[in-house]
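Here the structure comes first, spelled out in structure tokens, and everything after it is commentary.
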Amino acid sequence: MDLYEHQARELFEEYGILVPRAEVADTAKEARACAERLGGRVVVKAQVKTGGRGKAGGVKLAADPAAAELTARQMLGMDIKGHTVRTVMLAEPISTESEFYVSYALDRSAGRFLAIASAEGGMDIEEVAATRPEAVVRVPVDPAVGVTRAKAAEIAAAARLPEEAAATLAGLWQVLSREDALLVEVNPLVRTTSGDILALDGKVTLDDNARFRQARWRAQETAYEDPLEAAAAVKGLHYVKLDGQVGIIGNGAGLVMSTLDVVAGCGARPANFLDIGGGASAQVMADGLAVVLADPSVTSVLVNVFGGITACDAVADGIIAALEAVRLTKPLVVRLDGNSAARGRALLDARAHPLVEQATTMDGAARRAAELAHAAPAA
Ligand code: GDP
Ligand code: MN
């Protein structure tokens, strides 16, 4: 999970890294009040989990609280690379003397971290790396040793950063290791005209394997997620919302992905990706169906299960249980194969719901689901 800039800033501050004074707002009026508290002149920054906000109009200087309100009003609701701006951060403007790039990233193939640093920060680091590779240094970091003050000094010297940046580099390593992050990036890290080293921007990616230790961030996250994705997560389902009409449920990521392809091959667009997993029970099937049916853009649903550990009769029981719990208003095409498929099919036949059809092959099921999706108007 990526953190928002303002969350990364909050973490940096907790670890003693200097950051600009800042506040967040989700309305233009609040933005004005924040600007007043911050001294009037502020930088207004769109809070979206993507880079290059500056170039996309998501970082603007406002001369006074009225201008901050106006800028926030323009920014809120704006789309930056597919991300809607719901929050802005107001930050005190900093007079910078020079801008640097620093990050720690996991190097999976080498089984260690890499410190990446450049004295040419602020701009697009990929561009610097491509055009002037010698200006970007990479220093391996052994995770068992970490970034000691000596290591931090070595990184700073290699990248020709000012000596004072070493303390920040050591602090950023503490953020990475103590907060279970896989990436910590600051671009730009700046030296101000008064000689302080400040993090003007921050990106932190937390390791999802440590999510049980990240309640603080996860709680804030759900407020902005797709509500069905949040509901599915609560039930432990792997559900991803897509933008088509055919709801798709399968067992195993590989089968679900190929089902998406086959549905697309039949000229329809998948509405979601829902993997009920390898050992799915009737309850999991019922929960999954409830989530997919709750999506108003779904006009037909395809359940594609290849029974292995999961028995198809349990899947059929789950579908039947779901038919009791939610009123089915959309056609459902079911393809059961593998473990206990015959028993599963017989159970569904016996239930004889007018909106439930069975198909024996994946291709046949996808074709039928696509036809039904086109026949029905979206709710
Ligand atoms: P990004 O475009 O998403 O990386 O957003 P940044 O937070 O990095 O802002 C873009 C650029 O705006 C930075 O690289 C800085 O050059 C500049 N910038 C942002 N805030 C300030 C500030 O307070 N003072 C100065 N001088 N420049 C700023
Ligand atoms: Mn930046």
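Indexing begins at 1, ligand by ligand and atom by atom, following the structure's order.
Contact analysis leaves P20 out of contact with ligand 1, as no non-hydrogen atom separation drops below 4.0 angstrom. Ligand 1 has no atom lying under 4.0 Å from any heavy atom of A91.
In terms of protein heavy atoms, atom 2 (O) of ligand 1 is closest to G54 N, 2.8 Å. Scanning all protein heavy atoms for the shortest distance to atom 23 (O) of ligand 1 gives I94 N, 3.0 Å. When hydrogens are left out, the protein atom nearest atom 19 (C) of ligand 1 is V59 CG1, 4.0 Å; that is the closest non-hydrogen contact. Closest to atom 20 (N) of ligand 1 among all protein heavy atoms lies L200 CD1, 3.8 Å. Closest to atom 15 (C) of ligand 1, if we only count protein heavy atoms, is E99 OE2, 3.4 Å.
Of all N, O or S atoms in D201, the one lying closest to the Mn ion (ligand 2) is OD2.
Checked against a 3.5 angstrom limit, the closest N/O atoms of K45 and ligand 1 fall inside it. At least one N or O atom of D201 sits closer than 3.5 Å to an N or O atom of ligand 1.
For ligand 1 and N187, the ligand atoms under 4.0 Å from any heavy atom of the residue are 8 (O).
A pairwise comparison of heavy atoms in A271 and V298 identifies CB-CG2, 3.7 Å as the closest pair.
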